[in-house]
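Just the heavy atoms: all of them, side chains too, but no hydrogens, waters or symmetry mates, feed the values below. Note on naming: letters A, B, ... go to the chains in the order of the sequence lines (proteins, then strands), and numbering restarts at 1 for each one.
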2 protein chains.
Amino acid sequence: MIYVCNTITRQGADMAHDHASDCPSCQEPAAAFSRHDHAHCAQDVLERADGLVAQSGARLTPVRRRVLEILLEEHRAMGAYDVLKRLAAEGYGNQPPVAYRALEFLVEQGLAHRIRRLNAFAACMHPGEAHAPAFLICRNCNIVAEAPAAAVRKALDAAADMLGFLVERSTVEALGLCPACRDQAA
Amino acid sequence: MIYVCNTITRQGADMAHDHASDCPSCQEPAAAFSRHDHAHCAQDVLERADGLVAQSGARLTPVRRRVLEILLEEHRAMGAYDVLKRLAAEGYGNQPPVAYRALEFLVEQGLAHRIRRLNAFAACMHPGEAHAPAFLICRNCNIVAEAPAAAVRKALDAAADMLGFLVERSTVEALGLCPACRDQAA
DNA sequence: GCGTTGTTGATATGATATAACGCATGGATC
DNA sequence: GATCCATGCGTTATATCATATCAACAACGC
């Protein structure tokens with residue numbers, strides 16, 4: 001099962017709509033890749049982020065918090081320079097290190113993910129919950145979904161263990177076709 | 001099990017030694033991450049590459065073949081610009097596209113792998129054999145091993161399938177500690 | 001206050017990757 | 001052989017991604 005708020009895109013898919021906090025699509029398991037609102041999921045993530053960071057002894061400074069907000073607002077995988085443009089427009093530093101440092105911090109804290117295939121970053125929609133997501137990237141429409149991948153991670157650990165290798169972090173990304181583009185192709 | 005010829009490095013680990021073609025370490029399963037000769041494995045791969053490319057209707061041109069040879073000789077993950085330097089020194093073009101085009105071709109043909117975490121490329125030691133390797137990268141000594149990952153791929157396919165996503169290509173990379181560095185740390 | 005630590009801003013540079021153009025080659029066709 | 005076409009190569013230029021370094025400043029404990 002996957003929660004819709006896992007769904008993120010690289011190019012922005014204009015999927016916002018307003019709704020009350022009882023929106024079932026943010027409360028219950030649902031099909032990934034479906035259009036959905038994101039506003040209150042984002043709000044929820046932000047609130048939890050505050051607690052999580054404090055808990056780890058780190059500080060969610062204004063720049064860092066703003067970067068997380070931007071990732072949540074955009075709801076897609078963004079390049080560091082995309083983030084930087086937004087920061088600069090809002091009066092923060094406009095040098096690459098500003099964005100990279102904040103993004104690195106968020107990744108370390110488990111509040112964001114780095115998607116290497118896209119040289120991009122996306123907010124994690126499940127901060128605090130232990131998870132090892134796999135990213136599914138549609139080669140046609142560029143939508144990206146964060147899929148649960150506990151089984152994948154387990155298989156990887158096993159394969160590594162046979163070689164005596166200890167896995168600390170892993171990257172699992174798949175390129176292919178999302179349901180919509182798959183139908184379209186057929 | 002993994003065959004030693006899976007073992008590749010990013011920084012070059014000086015693991016060459018000469019031996020006869022009956023070297024057991026290239027004939028039989030053995031521990032990964034161990035030092036080993038690579039010369040005749042490379043020769044074998046090259047010969048198979050010729051056949052495979054012809055079979056697919058593509059052409060293994062001089063530049064492309066040379067890039068594959070270089071990857072095999074170096075026996076490690078190389079950046080595109082590392083490859084380019086070698087090419088330039090041998091009279092081929094010395095502009096980035098020359099290296100990138102050849103590398104992209106090799107990846108498409110399944111003769112090389114791209115390791116995104118390192119922004120690097122490595123020759124595939126099992127061309128033609130269906131395989132979905134996982135890369136194990138030691139964060140301490142930078143050694144890289146190509147591990148069999150059929151089970152990982154299977155788990156990924158299953159996770160994607162639950163979302164209706166069709167996986168065409170996948171990237172599985174792990175960062176951690178190789179056996180040697182693990183022992184050293186303990 | 002005062003040092004220590006961590007964060008930010010700025011400069012500069014390094015590293016990786018692609019777009020676009022034109023020429024050369026080689027094979028197919030007439 | 002002449003022509004056409006597809007493919008590959010070399011080149012220029014540029015785009016994109018990422019980091020090293022240092023100075024200024026704020027937060028904190030002592």
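The base of C:dA17 lies close enough to the side chain of B:Tyr81 for a donor and an acceptor atom to sit less than 3.5 Å apart.
Note on the helix from C:dG1-D:dC30 to C:dC30-D:dG1: terminal axis deviation equals 30°, with five pairs used at each end and the result rounded to 10°.
Within residues 48-61 of chain B, no residue places a heavy atom under 4.0 Å from DNA chain C.
Taken from CZ in A:Phe121 to CG in A:Leu111, the straight-line distance is 13.5 Å, to the nearest 0.5 Å. In this structure, CG on A:Leu52 lies 12.0 Å from CD on A:Glu47, to the nearest 0.5 angstrom. Atom CG of B:Leu118 sits about 13.0 Å away from atom CE of B:Met78, to the nearest 0.5 Å. Taken from CD in B:Glu173 to CG in A:Leu156, the straight-line distance is 10.5 Å, to the nearest 0.5 Å. Annotation: the span from B:Arg101 atom CZ to B:Leu106 atom CG amounts to 13.5 Å, rounded to 0.5 Å. Rounding to the nearest 0.5 angstrom, the gap separating the CG atom in B:Leu177 from the CG atom in B:Leu136 is 11.5 Å.
Taking 4.0 angstrom as the limit, B:Asn119 places a side-chain polar atom (N or O) nearer than this to OP1 or OP2 of C:dA17.
Rounded to whole Å, the distance from CD on A:Gln109 to P on C:dG6 is 13 Å. Taking atom CG of residue A:Leu84 and atom P of nucleotide D:dT16, one finds them 13 Å apart after rounding to whole Å. The separation between A:Tyr100 atom OH and C:dT8 atom C1' is 18 Å, rounded to whole Å.
For the pair A:Ala159 and B:Pro148, the tightest heavy-atom approach, listed with the atom from each and the gap, is CB-O, 3.9 Å.
Position along DNA chain C of the nearest nucleotide to B:Arg116 versus A:Pro62 favours A:Pro62 as the more 5'-ward residue.
Residue-level contact check: B:Arg114 touches the backbone only, with heavy atoms under 4.0 Å from sugar-phosphate atoms and none from bases. Among the protein residues, B:Arg101 comes within range of the nucleic acid bases, having at least one heavy atom under 4.0 Å from a base atom.
Among residues at least two apart or in separate chains, ring-ring contact (aromatic ring centres under 6.0 Å, His included) pairs with a member in residues 85-119 of chain A are A:His113-A:His131, A:His113-A:Phe135.
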